[in-house]
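The next block holds one structure in the form of structure tokens; read it before the comments.
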Amino acid sequence: MKWLMIFWGGPVILLTGWYSLSYYDMSFGIFMLTREAHDLVFRVYGHVLGIPPESIPPLVARAMVVDTIVLFGLVALRRHRQIASWFGARFGGATSQPAGASPLPSNANLSSAP
């Protein structure tokens, strides 16, 4: 799970961080974080793909959402037994007593000791 977070979460955080900082022109003196670099990157991608540059950010966001759903779906398929046991323990689906058993002892089972 640690490697999943590194190889999935790392690029997602880097991309959204770069996009946010460059979109609002918070460059901190670094050219790659300027609005000019932001516009240049999307113009190049738009030219290569043959689509308008302003349509690329929603496509990238949609792709990140779909990738996240697919990735966590695969993790859920791989760990479905652990998830089912946790869900059963958390929400009471798995009980250790038979259906008709009472958690309190009946009077017939009580000791007659003084």
Side-chain angles (χ1 to χ4, degrees):
M1 195 58 113
K2 174 178 73 171
W3 292 108
L4 172 72
M5 286 307 186
I6 290 171
F7 288 119
W8 168 79
V12 168
I13 289 171
L14 285 173
L15 180 63
T16 55
W18 170 79
Y19 182 80
S20 301
L21 290 174
S22 65
Y23 183 80
Y24 293 110
D25 201 17
M26 295 185 211
S27 65
F28 304 110
I30 301 170
F31 172 73
M32 204 54 208
L33 297 178
T34 63
R35 183 63 189 210
E36 292 83 25
H38 175 92
D39 293 337
L40 177 66
V41 166
F42 285 110
R43 266 186 302 197
V44 168
Y45 279 141
H47 180 70
V48 168
L49 295 173
I51 59 176
E54 55 274 355
S55 67
I56 295 174
L59 293 174
V60 171
R62 190 177 315 142
M64 287 172 48
V65 169
V66 169
D67 287 349
T68 301
I69 291 170
V70 168
L71 181 71
F72 283 111
L74 290 172
V75 169
L77 279 175
R78 188 175 166 117
R79 297 180 182 218
H80 70 279
R81 287 187 184 100
Q82 293 171 346
I83 293 170
S85 67
W86 172 84
F87 189 83
R90 175 84 167 123
F91 296 107
T95 59
S96 61
Q97 298 178 354
S102 172
L104 299 174
S106 67
N107 287 338
N109 292 336
L110 295 177
S111 172
S112 61

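Every heavy atom of this structure was used, including side-chain atoms; hydrogens, water molecules and symmetry mates were not.
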| task | Only pairs at least two apart or in different chains count here, so list each salt bridge (Lys or Arg N to Asp or Glu O under 4.0 Å) that has a residue in residues 54-81. | result |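 Residue pairs passing salt bridge (Lys or Arg N to Asp or Glu O under 4.0 Å), neighbours aside: none found.
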| request: Take L21 and I30 through the test side chain to side chain contact (heavy atoms under 4.5 Å, CB included) and record every step on the way to the result. | output: CA-CA 11 Å; L21 290 174; I30 301 170; over 6 Å; no
In one Ile/Leu/Val/Met/Phe/Trp/Tyr side-chain cluster, 4.5 Å: [X], [Y]:
X	Y	result
L15	L49	yes
F72	I83	no
V60	V41	yes
M64	L71	yes
I56	V12	yes

| Within residues 14-27 or reaching into it, pairs that qualify as side chain to side chain donor-acceptor pair (under 3.5 Å) - sequence neighbours excluded |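 Passing the test, one end in residues 14-27: S22-H38.
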| query | Residues sharing V44's hydrophobic cluster, by side-chain heavy-atom contacts under 4.5 Å among ILVMFWY, directly or via others? | reply |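 V44 clusters with L40, V48.
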| task | With rounding to the nearest 0.5 Å, note down the distance linking NZ in K2 to CZ in F7. | result |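 Reported value, rounded in 0.5 Å steps: 10.5 Å.
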| message | Run the side chain to side chain contact (heavy atoms under 4.5 Å, CB included) test against V65 and tell me which residues pass, sequence neighbours left out. | response |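 V65 satisfies side chain to side chain contact (heavy atoms under 4.5 Å, CB included) with I69 only.
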| request: Just jot down the side-chain hydrogen bond (donor to acceptor under 3.5 Å, both in side chains) partners of D39, sequence neighbours excluded, or say none. | output: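 For D39 the side-chain hydrogen bond (donor to acceptor under 3.5 Å, both in side chains) partners, ignoring immediate neighbours, are R35.
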| query | Closest approach of R43 and E36, non-hydrogen atoms and distance? | reply |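 That would be NH2-O, 4.4 Å.
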| query | Can you name the nearest heavy-atom pair linking P57 to P53, along with the distance? | reply |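 Closest heavy-atom pair between P57 and P53: CD-O, 3.5 Å.
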| said: Any heavy-atom pair between the side chains of Y45 and I51 that's under 4.5 Å? | reply: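 The answer is no, as the side chains (C-beta and beyond) never meet within the 4.5 Å cut-off.
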| message | Which residues pass the ring-ring contact (aromatic ring centres under 6.0 Å, His included) test with W86, not counting sequence neighbours? | response |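 Residues passing ring-ring contact (aromatic ring centres under 6.0 Å, His included) with W86: none at all.
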